[in-house]
Amino acid sequence: MTEADTLNHAHAEADAEAARRWLAAFAAALAAGEAAPLERLFRPDAHWRDLVAFTWRVTTVSGAAAVAGALLRHGADKQPRTFAIDPARTPPRRVTRAGAQVIEAFVRFETAPARCVGVLRLDPPSGETALPRAWTLFTAVDELKGFEELAGSRRPRGEAYSRDFRGPNWLDRRRAAAAYADRDPAVLVVGGGQAGLSIAARLRHLDVDTLVVDREARIGDNWRHRYHALTLHNQVQVNHLPYMPFPPGFPTYLPKDKLAAWFEAYAEAMEINFWTGADFRGARYDDAAGHWIAEVRRDGATRTLRPRHIVLATGASDLPNLPQIAGLSGFAGRVLHSSQYADAAPWAGRPALVIGTGTSGHDVAQDLHSNGAQVTLVQRSPTLVVDIEPSAQLPYTIYNEGRALEESDLIAASTPLALFEQSHRLLAAQSRAMDRALHAALERAGFRLNTEDETGWQFMYLTRGGGYYFNVGCSNLIAEGRIPVRQFADIERFVADGARMTDGSLLRADLVVLATGYRGQTAVVERLFGTAVAERIGPIWGFDRATQELRNMYAPTAQRGLWFIAGSFAQCRINSKYLALQIKAAEAGLVPAGTAAP
């Protein structure tokens, strides 16, 4: 061992000891129930994020005094104990988070109803005997006692069909389970994309009877029917579904059809009850009975189901946003929303306009150009552009640190909003520096860049669901003048053969693609559950600055028995666990069904 190795080992031992001493002091202060000693363990600007472990909620508390008070208040009936460094994970070590060096430690502990995990970030101690203070504390339920996942040593044994040769076999039982001829599901999941599959798989492992309904004809059609050239724009190691990671030979950027086929295989392997071609028509809640009365149209017939919970997993791309554009109704060519666009071949050699400069707008324009169309991209508002590599991948650095996926997910989940925002400010600045030459070329081509948002593309996604583009080549085509850009404000109105510009010129088109995004989830709730439910719930998605969490996501809502899950593959993989555990807790009577604990 070299001298440097010896020194690093000594630092690692000291950091691990500092974390152990902090946990011992923390446990003692919690047990004593006194706020003052507990508060002294935290920095004044400390944050505590809890996923169900203490609060039965998804919530963040900031400030040492507020953290201490909340821990004591919520821990009183949970009886938290046995806090220790998690021996199964990476030992405590110094890392840089949000631009600051901290000691990061994975911890385990128990409460009366659950086994829990956590992540602790401490300021490095100022001396050998000094007790460090915590910058962030993350606590999360890992499993409910008595209601553990049916996996590993608890996996189903299959004796009902493997020992009785006269009875129904496995396939017979699977078909009967999925038919729901003699029962109702406990949970009805609406939408069968990554969100719906993730929560359904989690609930099945918790032995909660769950049915997924999706209006598409095949599992995976929500990806399969998108435009021909589509691939995912983030890398494969970030996008695994729960329990069943992609094979190691899968490509870095997954093609849509390969992903669609994987969805089918995943649903089969996870034994998810899934109705395809099933149109969820809406539901009303029966307060007296404690369940929903839901209608699903399938195979020409309407089936009434009475689940205790409905999980809306339709995401933010269910209802297309179709803006009113002057004269477009009189346009003689074809008008498509980007969700309807599939094939560029019929438009080879013909003029086309793509309205909107988010990801879909750029991808559709590039697809049309590559197939010989004379395409013009029409910009409605300034857009953030980041190169697909390396700048777009910067937020996923933790997934390239050589850790197990579960560890990386814990680090991602453990970051409170304030640190998350600061991290992304730093990443956005780094990204702008990397992409400076590309940005300059785009501006010379007349493209308007979003220069006001300093937190980068991921915050734009979390707050508004779009407004950015990962450059996979379209920006280069724009910079080279091969795909011209015009501003929407310069269009006076549409006429039969194209767009009449304010300067009197005509921008001819046979095709107009509206890459104008989607209406928010509130519009979906209004359509399916009525205006009263939508108003009771309030805004969905975007951050609630009071709780420092996404609004109405992965947690109880003001409407009993109604839950929401959406987001990226990583968000769905991570948060489906905590959503499923909340539903299981409600089913087990640990908390009132579909409501928050007091």
Side-chain angles (χ1 to χ4, degrees), residues 16-35 37-38 41-42 46-61 67-92 104-122 134 136-154 202 205-208 404 406-407 409-411 413-414 555 574-591 596-598:
E17 180 58 26
R20 283 190 287 268
R21 289 192 296 112
W22 190 95
L23 286 172
F26 177 71
L30 270 181
E34 297 179 6
L38 193 58
L41 293 173
F42 291 90
H47 308 275
W48 170 41
R49 187 172 195 228
D50 183 62
L51 299 186
V52 190
F54 279 73
T55 62
W56 292 121
R57 294 286 313 218
V58 176
T59 192
T60 298
V61 180
V67 168
L71 281 165
L72 291 176
R73 182 171 65 255
H74 290 291
D77 63 334
K78 301 296 189 303
Q79 304 167 37
R81 59 191 181 276
T82 64
F83 287 90
I85 302 298
D86 191 338
R89 302 202 186 281
T90 301
E104 186 172 77
F106 293 95
V107 303
R108 296 197 73 87
F109 64 99
E110 292 190 14
T111 64
R115 299 176 190 90
C116 305
V117 297
V119 179
L120 172 66
R121 296 188 182 92
L122 300 169
T136 72
L137 175 65
F138 169 69
T139 52
V141 65
D142 193 45
E143 58 182 10
L144 299 170
K145 295 176 181 177
F147 306 99
E148 294 84 359
E149 287 190 342
L150 303 179
S153 62
R154 299 187 183 93
R202 297 284 192 188
H205 276 67
L206 289 169
D207 198 26
V208 178
E406 191 175 58
E407 276 196 13
D409 282 351
L410 282 174
I411 292 172
S414 70
I574 294 168
N575 292 295
S576 61
K577 176 170 184 171
Y578 306 108
L579 173 53
L581 285 165
Q582 289 172 89
I583 292 174
K584 182 65 179 182
E587 287 292 285
L590 300 177
V591 292

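Keep in mind that the numbers below use all heavy atoms, side chains included, and drop hydrogens, waters and symmetry copies.
Put simply, the side chain of Cys116 does not reach to within 4.5 Å of the side chain of Asp142, judged on heavy atoms. Looking only at side-chain heavy atoms (C-beta outward), Leu590 and Leu144 come within less than 4.5 Å of each other. Between Ile411 and Glu104 there is a side-chain heavy-atom pair separated by less than 4.5 Å. Taking the side chain as every heavy atom from C-beta outward, Pro92 and Arg20 never approach each other to under 4.5 Å. Gln582 is not listed as a side-chain neighbour of Val591, based on a closest heavy-atom distance of 4.5 Å or more. Looking at heavy atoms from C-beta onward, Val141 lies out of side-chain contact with Leu51 at the 4.5 angstrom threshold. Between Lys145 and Pro113, every side-chain heavy-atom pair lies at or beyond the 4.5 Å cut-off. Looking only at side-chain heavy atoms (C-beta outward), Leu579 and Lys584 stay at 4.5 Å or farther from each other.
Put simply, CG on Asp207 and CZ on Arg154 are 13.0 Å apart, with the number rounded to the nearest 0.5 Å. The CG atom of Asp50 lies 8.0 Å from the OG1 atom of Thr59; values are rounded to the nearest 0.5 Å. Interatomic distance, Glu143 CD to Arg115 CZ, rounded to the nearest 0.5 Å: 4.5 Å. Rounding to the nearest 0.5 angstrom, the gap separating the CD atom in Glu110 from the OG1 atom in Thr82 is 4.5 Å. Between the CD atom of Glu148 and the OG atom of Ser153 there is a distance of 9.0 Å, given to the nearest 0.5 Å. Between the CG atom of Leu137 and the CG atom of Leu71 there is a distance of 6.5 Å, given to the nearest 0.5 Å.
Listed here is the closest heavy atom pair of Val61 and Ala70: CG2-CB, 4.1 Å. Closest heavy-atom contact between Arg81 and Ala112: NH1-N, 3.8 Å. Annotation for Arg49 and Ala413: closest pair NH1-O, 2.5 Å, computed over non-hydrogen atoms. Across all non-hydrogen atoms, the minimal contact from Leu23 to Ala84 is CD1-C, 3.8 Å. Between Leu30 and Pro80, the shortest heavy-atom contact is CD1-CG, 3.9 Å. Of all heavy-atom pairs spanning Phe54 and Gly75, the tightest one is CD2-CA, 3.8 Å.
Residues that satisfy the side chain to side chain contact (heavy atoms under 4.5 Å, CB included) test with Ala134, not counting sequence neighbours, are Trp22, Phe42, Leu120, Leu122. Asp86 meets the side chain to side chain contact (heavy atoms under 4.5 Å, CB included) test with Ala88, Arg89, Phe106, Arg108; sequence neighbours excluded. Partners of Glu149 according to the salt bridge (Lys or Arg N to Asp or Glu O under 4.0 Å) rule, which considers only residues two or more places apart in sequence or in another chain, do not exist here.
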Next item on the list: Evaluate the criterion side-chain contact (heavy atoms from CB on, under 4.5 Å) for residue pair Lys78 and Trp56; output intermediate values, then yes/no.
Entry: CA-CA 10 Å; Lys78 301 296 189 303; Trp56 292 121; 3.4 Å; yes
Checklist line | Residue pair Val107, Val117: steps toward the side-chain contact (heavy atoms from CB on, under 4.5 Å) verdict | finding: CA-CA 6 Å; Val107 303; Val117 297; over 6 Å; no
Check: Leu38 and Phe26: side-chain contact (heavy atoms from CB on, under 4.5 Å), yes or no, with the steps?
Finding: CA-CA 7 Å; Leu38 193 58; Phe26 177 71; 3.6 Å; yes
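Checked against a 6.0 Å centroid threshold, the rings of Trp48 and Phe138 do not count as neighbours.
In summary, the side chains of Gln79 and Thr111 do not present any donor paired with an acceptor at a separation below 3.5 Å, with no hydrogens or angles considered.
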